[in-house]
Participant: 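Sending over a structure as structure tokens; questions will come in a sec.
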Amino acid sequence: MSRLIRVAYAEDHRLLLDTTSMMLNQENDIRVLIRATDGKDLLDALKKTEVDIVLLDLDMPCIDGRRTFALLKQFYPTIKIIIVSMHFTEGHIRKFMSEGA
């Protein structure tokens, strides 16, 4: 049996958050344990729940994805981060990849 992949997903568009979470949870080895609509909610939830991967939108209220990314790298360096955004240029991709996304 494969190891369960524990996921946190931060996305301010509720339909995308709900739909993607539902699709991921249909996989046998993936569970979305945290669903947050902004970086603050995500960071608060991570204090109580361990995850392996964070799916992170960049454009969110409260604490946006860019600041959340920096805080995740500082306080949760073992969590893998996947940026999920429609607003990517090659420069964005290179920047976040060089920083560990």
Side-chain angles (χ1 to χ4, degrees):
M1 180 171 203
S2 61
R3 184 177 155 268
L4 183 67
I5 301 168
R6 302 165 300 173
V7 176
Y9 187 17
E11 168 62 63
D12 64 323
H13 292 95
R14 180 62 74 172
L15 181 60
L16 186 56
L17 177 64
D18 292 345
T19 303
T20 304
S21 296
M22 182 185 68
M23 290 172 53
L24 289 170
N25 282 332
Q26 289 178 352
E27 297 297 321
N28 291 331
D29 56 351
I30 300 173
R31 284 298 162 269
V32 178
L33 301 179
I34 297 172
R35 296 170 0 127
T37 56
D38 61 56
K40 180 186 180 316
D41 289 344
L42 172 66
L43 294 167
D44 288 345
L46 285 172
K47 293 175 185 173
K48 298 175 248 173
T49 305
E50 290 185 37
V51 300
D52 305 300
I53 296 173
V54 170
L55 300 176
L56 183 63
D57 183 22
L58 293 181
D59 297 321
M60 297 184 295
C62 258
I63 303 175
D64 71 9
R66 289 162 183 84
R67 178 71 180 136
T68 302
F69 178 84
L71 293 168
L72 288 169
K73 296 304 288 178
Q74 180 179 356
F75 294 108
Y76 303 96
T78 61
I79 292 176
K80 304 298 183 202
I81 304 168
I82 299 173
I83 304 294
V84 180
S85 180
M86 297 177 2
H87 305 290
F88 263 101
T89 63
E90 187 174 334
H92 276 107
I93 294 169
R94 287 184 194 279
K95 176 189 180 301
F96 283 103
M97 286 182 67
S98 72
E99 293 178 10

Participant: Looking at Ile79 and Val51, what are the two nearest heavy atoms and their distance?
Facilitator: CG1-O, 3.6 Å
Participant: Please name the pair of heavy atoms, one in Asp52 and one in Leu4, separated by the smallest distance, quoted to 0.1 Å.
Facilitator: OD2-O, 3.6 Å
Participant: Can any side-chain N or O of Asp57 pair as donor or acceptor with the backbone N or O of Ala10 at less than 3.5 Å?
Facilitator: no
Participant: Do NZ/NE/NH1/NH2 and the carboxylate oxygens of Asp59 and Arg66 come within less than 4.0 Å?
Facilitator: yes
Participant: Are Met23 and Val7 in one and the same hydrophobic cluster, where Ile, Leu, Val, Met, Phe, Trp and Tyr link if side-chain heavy atoms are under 4.5 Å apart?
Facilitator: no
Participant: Could you check whether any side-chain heavy atom of Ile83 comes within less than 4.5 Å of a side-chain heavy atom of Leu56, counting everything from C-beta outward?
Facilitator: yes
Participant: Please tell me if the side chains of Thr49 and Arg6 come closer than 4.5 Å, counting only heavy atoms from C-beta onward.
Facilitator: no
Participant: Using a 4.5 Å cut-off on heavy atoms from C-beta on, say whether the side chain of Met60 contacts that of Arg67.
Facilitator: no
Participant: Between atom CD1 of Ile34 and atom CG of Leu55, what is the distance when rounded to the nearest 0.5 Å?
Facilitator: 11.5 Å
Participant: Rounded to the nearest 0.5 Å, what separates atom OG1 in Thr78 from atom NZ in Lys73?
Facilitator: 9.5 Å
Participant: Looking at His13, is its backbone amide N or carbonyl O close enough to the side chain of Glu11 to form a donor-acceptor pair, meaning the two atoms are under 3.5 Å apart?
Facilitator: yes
Participant: Is there a continuous path of hydrophobic side-chain contacts, each under 4.5 Å between heavy atoms, that joins Leu16 to Ile30?
Facilitator: yes
Participant: Find out whether Thr68 and Val54 are in side-chain contact, i.e. whether some heavy atom of one side chain is under 4.5 Å from a heavy atom of the other.
Facilitator: no
Participant: Ignoring hydrogens and angles, tell me if any N or O in the side chain of Asn25 forms a donor-acceptor pair with the backbone of Val32 under 3.5 Å.
Facilitator: yes
Participant: Please name the pair of heavy atoms, one in Cys62 and one in Asp38, separated by the smallest distance, quoted to 0.1 Å.
Facilitator: CB-CG, 3.8 Å
Participant: For residues Leu43 and Leu72, determine if any side-chain heavy atom of one lies less than 4.5 Å from a side-chain heavy atom of the other.
Facilitator: yes
Participant: Nearest 0.5 Å, please: how far is CD in Glu50 from CG in Leu33?
Facilitator: 10.5 Å
Participant: Between Ala8 and Leu42, what is the shortest heavy-atom contact and its length?
Facilitator: CB-CD1, 3.7 Å
Participant: Between atom CD1 of Ile5 and atom CD1 of Ile53, what is the distance when rounded to the nearest 0.5 Å?
Facilitator: 5.5 Å
Participant: Determine, stepwise, if the pair Val84 / Thr20 fulfils side-chain contact (heavy atoms from CB on, under 4.5 Å).
Facilitator: CA-CA 11 Å; Val84 180; Thr20 304; over 6 Å; no
